[in-house]
2 protein chains.
Amino acid sequence: MVSAGYDELVETRELRYFVAVAEELHFGRAAERLAMAQPPLSRAIQQLERRLGVVLLHRTTRAITLTEAGSVLLREARTALDAVEAAERRTRRAAADQPGVVLAAKAGASTELLSKLLDAYAAEPGAVAVEMMLCGPGEPESLLRTGRADVALLHRPYDTTVGFDTEDLHTEQQVAVLPAGHPLANRSHLSMAEVNALTDLPLPRWPRRDGSYPDGPGPQVRDHTQLTQLITLGRACALMPESLRAQLGDGHAIVPVPDAPAVTTVIAWPPHSRSKAVADLVHTATRL
Amino acid sequence: MVSAGYDELVETRELRYFVAVAEELHFGRAAERLAMAQPPLSRAIQQLERRLGVVLLHRTTRAITLTEAGSVLLREARTALDAVEAAERRTRRAAADQPGVVLAAKAGASTELLSKLLDAYAAEPGAVAVEMMLCGPGEPESLLRTGRADVALLHRPYDTTVGFDTEDLHTEQQVAVLPAGHPLANRSHLSMAEVNALTDLPLPRWPRRDGSYPDGPGPQVRDHTQLTQLITLGRACALMPESLRAQLGDGHAIVPVPDAPAVTTVIAWPPHSRSKAVADLVHTATRL
DNA sequence: GGGCGGCGATACCGCACGGGTATTGGTCGT
DNA sequence: ACGACCAATACCCGTGCGGTATCGCCGCCC
């Protein structure tokens, strides 16, 4: 009858505080971000360390760094807070009068598949309203984990699908996108090695989870519009699934890259999802 | 730089309270379980409902029931609390001097595979201490989700593996276990239909997640010791993977059931696990 | 080298909120 | 009709969270 006893758990407030400090690595800025004063924040972190019996931060008066345990907690706390946020959001939406499903997908990706899916699902008996969330790269996973979305289209290997249930929908080869008129634009195909060797046209750098960019020669890029423009301007090249060619206007040349990893479009949803609408949507998608 | 802003999140305390009330469906008992008085609990739930803007419980003065949104929150809150608990445990263990890995498995299951795995892993360079948690059926998943264990051996389709990363290790057929001397004990094989038709020897009922038992004719059973004893006594029969025959003493007859679903032993670990020890253990397991 | 500036920790205070006791109000049994 | 049961309300108290003021420590710069 009685399930696990959750006594003496850390409060979400403490986790939020720690995440802020761990991300800023600076009590003052973290306090500002949390809209509070610095001293209570310091105390809260100390108290958290006492309660866990663990040192989370190495502090010198000039800078603070995460201990091993601290970085574990940062990662774990983020997923725990995501779960709490998801609980809140899903509860609110379960109470909303109009049921509706939120489907997240990266803007511009899998457009054709998406429209077919929406049409096919709408024709199903018992279909509910589907609200689309078109978002930037990397975002759908977080939308799913925080309950802002109910289902998402992801693209392996670009997106990570760990922690979700998924069904593969479609696999396609990647192509290199070059500025029109580039010397290699007329080649019948390119190898990965050749693409990487294009020092005049580096591959762009996409932001990581935390918003920072990896080091490297390529330009920083936030979305596909930016990217296509950079390619037109002759400042970058890119690898992308071939279905994206439909999004490209003139000014681009497209060359298949057979040895680039294939991209699989998958439909993903949170495990334990008991929503009939999600199940129907997935079912429809796999029958396309 | 700044990641998602978790402002105004529900506190774990409120979630714990709600889970208690939702499980007990009775404020008085829930308060007792939480070691507090009933009125503050009532107020806390009301406040939670106000903050979410959602009615979670239908209350009549005699009984309370969950609304649709309430049952969503019950499920979500459990997983959120599990995540918080996991954050706490994993942080504590990350700070412990001796690293160590906790491996959970159902007592008695896959014994042979388990001992081979432990031996093989111990021979690896860089192996750390492996602490075994032998537990009852259904428990390993929860141990993994709450961070009490780092890796687990699970058995599909008995255990659900959603939300974990897994690798298949071994697949085997199931056999029927009957009391020695039973009329069917000498058959070369049985069908599922025949096993289900044994009204004199019903299949036992295992507890669900929440500890309650499904309805049905069979005896309630908590572990394999109970079960084997019930079979010896001629009060039940059972289906189990054939490797379990090693656990059985005399007094049992074993008959293959070819059309029963095959059981796959899988090794499972939480997604995002960055522990080298877990990775090594999984790697070793797949090479067995 | 001494003074200044930046930053985290400490000291102290006030109030909001969580929790306790006593009581009410409503509904179901008998 | 009356009593039992149970959630909600009323009221009170204490803890603890958050705020302001200040200290202590260290690096930097003139």
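Predicted, not measured: the structure shown is a model, and the values here were computed from it. The chains referred to below are lettered A, B, ... by the order of the sequence lines, with proteins before strands, and numbering in each begins at 1.
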Enquirer: Rounding to a whole Å, what distance do you find between B/Ile64:CD1 and C/dT27:P?
Expert: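 Result: 16 Å.
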Enquirer: Classify the nucleic acid contact of A/Glu11 as base, sugar-phosphate or nothing, counting any heavy atom under 4.0 Å across all strands shown.
Expert: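 Nothing, no heavy atom under 4.0 Å.
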Enquirer: Take atom CD in B/Gln220; do more than 12 heavy atoms of anything else shown fall under 6.0 Å from it?
Expert: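 Counting neighbours around CD of B/Gln220, more than 12 heavy atoms of other residues, nucleotides or ligands fall under 6.0 Å, so yes.
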Enquirer: Can you tell me the distance, in whole Å, between the CG atom of A/Leu48 and the P atom of D/dG16?
Expert: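 Spelled out: CG on A/Leu48 to P on D/dG16 is 16 Å.
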Enquirer: Is B/Met133 close to B/Leu143 at the side-chain level, that is, under 4.5 Å between some pair of heavy atoms?
Expert: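 When only atoms from C-beta onward are counted, B/Met133 and B/Leu143 do touch, with a gap below 4.5 Å.
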Enquirer: So which one's nearest nucleotide on DNA chain D is more toward 5', B/Arg43 or B/Leu25?
Expert: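 Its nearest nucleotide lies further toward 5', so the answer is B/Leu25.
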Enquirer: What is the distance from CZ of B/Phe27 to C1' of C/dG25, rounded to the nearest Å?
Expert: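 Interatomic distance, CZ of B/Phe27 to C1' of C/dG25: 16 Å.
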Enquirer: Using whole Å, what does the distance between atom P of nucleotide C/dC7 and atom CD of A/Glu24 come to?
Expert: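 Spelled out: CD on A/Glu24 to P on C/dC7 is 12 Å.
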Enquirer: For the side chain of B/Gln47, starting at C-beta, report the closest nucleotide among C/dG18, D/dA8, D/dC17.
Expert: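 Nucleotide nearest to B/Gln47's side chain: C/dG18.
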Enquirer: Checking contacts here: which listed nucleotide (D/dC6, C/dT21, D/dG19) is nearest the side-chain heavy atoms of B/His26?
Expert: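 When the side chain of B/His26 is considered, D/dC6 is the closest of D/dC6, C/dT21, D/dG19.
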Enquirer: Which whole-number value in Å describes the distance from B/Leu34 CG to C/dG19 C1'?
Expert: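 Atom CG in B/Leu34 sits about 12 Å away from atom C1' in C/dG19.
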Enquirer: Output the single nucleotide from D/dA7, D/dC17, C/dA9 whose closest atom is nearest the side chain of B/Gln38.
Expert: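 The nucleotide sitting nearest to the side chain is D/dA7.
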Enquirer: Select from A/Ala37 and B/Arg29 the residue whose nearest nucleotide in DNA chain D is closer to the 5' end of that strand.
Expert: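 Counting from the 5' end, the first nearest nucleotide belongs to B/Arg29.
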Enquirer: Is the closest side-chain donor-acceptor distance between B/Ser42 and B/Gln38 under 3.5 Å?
Expert: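 B/Ser42 vs B/Gln38: donor-acceptor pair found between side chains.
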Enquirer: Give the rounded distance in Å between these two atoms: CZ of B/Arg13 and C1' of D/dG16.
Expert: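 These atoms are roughly 12 Å apart.
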Enquirer: Rounded to whole Å, please give me the gap between CZ in B/Arg59 and P in C/dC28.
Expert: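 Roughly 17 Å, once rounded to whole Å.
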Enquirer: Kindly point out which of C/dG20, D/dG18, C/dA11 is positioned nearest to the side chain of A/Met36?
Expert: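 Nearest nucleotide to the side chain: D/dG18.
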Enquirer: Counting side-chain heavy atoms from C-beta on, which of D/dA10, C/dA11, C/dG19 comes nearest to B/Pro40?
Expert: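 The answer is C/dG19, which lies nearest to the side chain.
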Enquirer: Can you tell me which nucleotide in C/dA9, C/dG19, D/dG19 comes closest to the side chain of B/Tyr17?
Expert: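 Closest of the options to the side chain of B/Tyr17: C/dG19.
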Enquirer: Which nucleotide in the list D/dG19, C/dG19, D/dA7 gets nearest to the side chain of B/Ser42?
Expert: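 Selected nucleotide (nearest to the side chain): D/dA7.
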Enquirer: Kindly indicate whether the side chain of B/Val54, heavy atoms from C-beta on, has any atom under 4.5 Å from the side chain of B/Glu49.
Expert: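 Contact flag for B/Val54/B/Glu49 side chains = no.
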Enquirer: Just checking B/Gln46: base, sugar-phosphate only, or nothing, at a heavy-atom cut-off of under 4.0 Å?
Expert: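 If one applies the 4.0 Å heavy-atom cut-off, B/Gln46 turns out to touch the sugar-phosphate alone, with no base involved.
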Enquirer: Return the value, rounded to whole Å, for the distance between atom CD of B/Glu32 and atom C1' of D/dC6.
Expert: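 About 14 Å, once rounded to whole Å.
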Enquirer: Taking side chain as C-beta onward, heavy atoms only, is B/Ile45 less than 4.5 Å from B/Phe27?
Expert: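 Side-chain contact under 4.5 Å: yes.
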